[in-house]
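It should be emphasised that the depicted structure is a prediction, and the values quoted were computed from it without experimental measurement.
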Amino acid sequence: MKKKLLSIALILGTISNLFSQNQTIEQDWLVHPIAQKSQIQIKDSHIILDNGLVRRSFFLGDNLVCYDYFNKCTQQQLIRSLKPEARVIIDGKTYCVGGLEGQKENAYLKKEWLKGLRKGSSDFVYQSFEVKSVEPFVNWKASTWASNTKHPEGKRLILSFLPQVQDLQGIKIQVNYELYDNIPLIIKWVEVINQSHKTIHVDRVVNEILGLVEEESAVVGSPTQMKKQHGIYFETNYAFNNAMRYDISDQTTHWLIDSTYTSQVNYNYETPCLFEVYPEKVSHIKIANGESYKSVRTHELLMDSYDRQRRGLMIRKMYRTIAPWTTQNPIFMHLVSQNDEQVVNCINQCAATGYEALILSFGSHLNMEDTSELNLSRWKKLADYAHSKGILLGGYSLFSSRRIDDDNDVVDPVTGKTGHAFFGNAPCFGSKWGLDYRDKIKHFFAVTHFDIWENDGPYPGDVCASTKHPGHENLADSQWKQMNIQKELYRWLNESGVYINAPDWYFLDGTHKIALGYREVNFSLSRAQQRILNRQNIHDGTIEKTSSMSWGFVPLTKYQGGDESAILEPLNEHLSDYEQLMMIYYGAGVQACYRGPRLYDTDDTKAVVQKSISWYKKYRDILNADMIQLRRADGRDWDGLLHVSSSLAQKGLAMLYNPNTEAIERTIILPLYYTGLTKEAKVREKEGTSKVYSLNRNYEIQVKVKIPAEGYTWLVIE
């Protein structure tokens, strides 16, 4: 029996490790919303942000300084040492914004020290504050099915600072904080406002500086060897490189050593306990009189566990809260078309099977860059037809990894030539071609009323040394300007109701979905291999992002080579594989790109597709809820996942798979902590009769199941 049981505690950790021992399941914000709302209080010489989960406090003395960053769930204080609110380089000179000098001991901070500290002689000095309700960063309205259609609520604090230096008169710096209800999250950004009646150049804005408590001490060790503070997670809206993961895509977070911390254990003073946020390849941004510069937005999520599963749940909650558009999850097909008749036929097939959208895939006859009246009229007619059938219509367009010409491609700063971009060849988004591309895409969607844009090769961070491109001045500002062109386009499309697939990390500026994370050539392997590999990809790709933020891939026809064992066409000859691949993806709440010329070829195939989509829609709410990874596919024994929700009638749905050629019977432990259930659970297999199970002290139940050979089953928890 022990051999058959999988201890979920090994995966999730015990509940006492997941959450503060002083808290209960009823007080866990990931399970139940807390009663306290965000508030900003002014007490004597202190400004305090508090939402019941996180507290951040500022002292108003000779200048303003943050002295308190407190996780109310774990009772952890994060601030070790006072730092400025921000640091800016304007016209080549460096200035601190806020902050107080004179702290002699930097291993810890005592509140009574604050009154004796003084401002720096050239620092920007605090002048005033303003409190507002938070407003949507992207003015989004759901145009498809979504699990969350509400924008977040909370409070915004605006701190204004003015210069002491005469040369900077007329320049104001605003430090913005947003605090959100029911999540230990603060968003911070800085704005440099130029009212000096002259043009200035901003070379760098460090919009967050934190002297954090070190995660660990080591007498000998470098910053790369020592762990960073685990009690806080940082993410900014300045990330790219096609990794399908934020931590690898990030371009702004810097863990540094603190030279003022002379009492640290590390012999060479190299403990990584100073944290700063700024994009490294950005400088010399021209700000004319009356204009302003807004920094990246830093999302700071306080963490209460070392457990990767819980940390992933917290990060996913952040996306659902502050980027609710990522919870949209339309059911779509990827059509490879050669003519309009094929588009019409697939629109009809989508309508007949319950699909909600059709995307013209790469290799199709759609060209969004053709702005001729004939082309626009043609695609508007097809979009109108799709809408008459209740189907959304979208299409694919490639930006990067293509060559335009020497005048418009990114220029390498080392060679002075084109052809050395991230993807080899790529246009500069600030070139005339790049700006025209942006305008053509906007025009296409405005005229045709297309609903979905699949933007392959979005701006991947290429710098450009050209001094002739109209969208940037030179190398120094090229990345910042190109990034903003891309982000503005995504926000425009999002606010126009367009759903966006893009294989890079632009979620916080309006995109909806990214690739799950897979190796494309694996889709030339056999269908049997693909089933297991897909389940591994789902397991790995949904720990830090939600199912609705991810897309998978199912090649109906040949893709990246391979033989007949890799594809599903003719569909009627591979119905079992077709159904299993749909259930693998839909059972995880993940949409896949079913890429080919049709959804079905016979009535039997049509029935399989209809059955799968009907099942998905029946359980759609719970399938799009949070996911617990139960066991990663290894081809040897069962694997599975568990969707959980404390707010839905269905509290959980487990998908269990058997890769073996013989049926297996297993007793599986289901962790139900995040369902909100505390005493008992009703469990049924598929559409069978429910059985009542009592939860143990770790909020678990043991369920005996039989999984068919090379098949699957599911359990519903109520």
Side-chain angles (χ1 to χ4, degrees), residues 7-39 48-56 68-78 148 152-154 179-186 230-233 300-318 320-321 543 622 625-630 642-654 669-683 692-703 717-718:
S7 177
I8 301 302
L10 294 177
I11 300 175
L12 298 180
T14 62
I15 297 305
S16 61
N17 288 331
L18 292 179
F19 201 58
S20 169
Q21 293 183 5
N22 298 323
Q23 307 289 327
T24 66
I25 187 172
E26 290 78 13
Q27 297 170 307
D28 188 344
W29 63 274
L30 278 177
V31 182
H32 300 289
I34 67 169
Q36 182 174 326
K37 301 299 182 184
S38 299
Q39 55 187 5
I48 304 169
L49 286 71
D50 192 335
N51 68 355
L53 298 171
V54 56
R55 184 186 71 219
R56 187 160 182 167
D68 168 51
Y69 208 165
F70 189 67
N71 187 329
K72 301 185 81 170
C73 295
T74 62
Q75 304 295 297
Q76 181 186 24
Q77 176 60 249
L78 291 166
N148 176 30
E153 296 181 345
L179 178 67
Y180 293 89
D181 295 345
N182 199 50
I183 185 170
L185 173 71
I186 290 176
H230 275 56
I232 187 167
Y233 168 83
E300 305 178 5
L301 180 66
L302 271 55
M303 310 298 275
D304 59 28
S305 174
Y306 286 89
D307 178 73
R308 189 184 179 193
Q309 184 72 258
R310 183 171 173 92
R311 292 174 72 89
L313 287 165
M314 296 176 75
I315 293 169
R316 286 179 261 159
K317 177 72 171 182
M318 179 185 75
R320 287 193 176 101
T321 302
I543 295 179
I622 189 63
D626 264 319
M627 185 194 298
I628 303 295
Q629 284 77 7
L630 295 179
L642 172 66
H643 300 279
V644 292
S645 171
S646 61
S647 61
L648 297 174
Q650 291 166 341
K651 301 301 181 183
L653 191 149
I669 297 176
L670 295 180
L672 301 185
Y673 176 80
Y674 293 103
T675 67
L677 299 173
T678 58
K679 295 182 179 179
E680 61 181 29
K682 296 179 181 179
V683 181
V692 177
Y693 292 81
S694 295
L695 277 66
N696 65 19
R697 294 180 66 182
N698 279 334
Y699 304 95
E700 299 167 340
I701 60 173
Q702 295 183 17
V703 181
I717 298 99
E718 294 171 324

Subject >> Residues Leu301, Ile315; criterion side chain to side chain contact (heavy atoms under 4.5 Å, CB included); working and verdict >> reply: CA-CA 8 Å; Leu301 180 66; Ile315 293 169; 4.3 Å; yes
**OP:** Evaluate the side-chain hydrogen bond (donor to acceptor under 3.5 Å, both in side chains) criterion for residues Gln77 and Asp68: first the C-alpha distance (whole Å), next the side-chain angles of each, then the deciding distance (0.1 Å), finally the verdict.
**Re:** CA-CA 7 Å; Gln77 176 60 249; Asp68 168 51; 2.7 Å; yes
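Side-chain atoms of Gln650 and Glu718, non-hydrogen and from C-beta on, do get closer than 4.5 Å to each other. No side-chain heavy atom of Leu670 sits less than 4.5 Å from a side-chain heavy atom of Tyr693. Side-chain contact between Pro152 and Asn182: absent, with no pair of heavy atoms (C-beta onward) separated by less than 4.5 Å. Looking at Leu30 and Asp626, their side chains never come closer than 4.5 Å, going by heavy atoms from C-beta outward. Counting heavy atoms from C-beta on, the side chains of Ile628 and Leu313 come closer than 4.5 Å. At least one side-chain heavy atom of Leu677 sits less than 4.5 Å from a side-chain heavy atom of Ile717. Side-chain contact check for Lys317 versus Leu185: every heavy-atom pair is 4.5 Å or farther apart. A 4.5 Å side-chain heavy-atom check between Arg310 and Asp28 finds at least one atom pair inside the cut-off.
Here Lys72 pairs with Asp50 in a salt bridge; the nearest charged N to carboxylate O distance falls below 4.0 Å.
How far CD1 of Ile34 is from CD of Gln27: 10.0 Å, rounded to the nearest 0.5 Å. Rounding to the nearest 0.5 Å places CD1 of Ile669 at 9.5 Å from CG of Asn698. Atom CD1 of Ile232 sits about 9.5 Å away from atom CG of Asn71, to the nearest 0.5 Å. Rounding to the nearest 0.5 Å gives a distance of 4.0 Å between CH2 of Trp29 and CE of Met314. For the atom pair CG (Leu179) and CD (Gln39), the distance works out to 9.0 Å, reported to the nearest 0.5 Å. Atom CG of Leu49 is separated from atom CZ of Phe70 by 15.5 Å, given to the nearest 0.5 angstrom.
Counting heavy atoms of neighbouring residues, nucleotides and ligands inside a 6.0 Å radius, atom CD of Glu153 does not exceed 12 of them.
Applying the side-chain contact (heavy atoms from CB on, under 4.5 Å) test between Met303 and each of His230, Arg311, Gln76 identifies Arg311 as the sole match.
Side chain of Asn51 to backbone of Tyr180: a donor-acceptor contact under 3.5 angstrom is found.
Side-chain atoms of Gln702 and Asn696 form no donor-acceptor pair, as typed in the model, at a separation below 3.5 Å.
The side-chain contact (heavy atoms from CB on, under 4.5 Å) test applied to Asn148 returns Lys150, Pro324, Thr327, not counting sequence neighbours.
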Report all side-chain donor-acceptor pairs from residues 642-649 shorter than 3.5 Å, counting only partners two or more places apart or in another chain.
{"from": "His643", "atom 1": "ND1", "to": "Leu623", "atom 2": "O", "distance (Å)": "3.3"}
{"from": "His643", "atom 1": "NE2", "to": "Gly587", "atom 2": "O", "distance (Å)": "2.7"}
{"from": "Ser645", "atom 1": "OG", "to": "Ser647", "atom 2": "N", "distance (Å)": "3.2"}
{"from": "Ser645", "atom 1": "OG", "to": "Ser647", "atom 2": "OG", "distance (Å)": "3.3"}
{"from": "Ser645", "atom 1": "OG", "to": "Leu648", "atom 2": "N", "distance (Å)": "3.3"}
{"from": "Ser646", "atom 1": "OG", "to": "Val31", "atom 2": "O", "distance (Å)": "2.3"}

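Closest non-hydrogen pair, Leu672 versus Ala681, comes out as CD1-CB, 3.8 Å. Minimum heavy-atom separation, Val54 to Pro184: CG1-CA, 3.8 Å.
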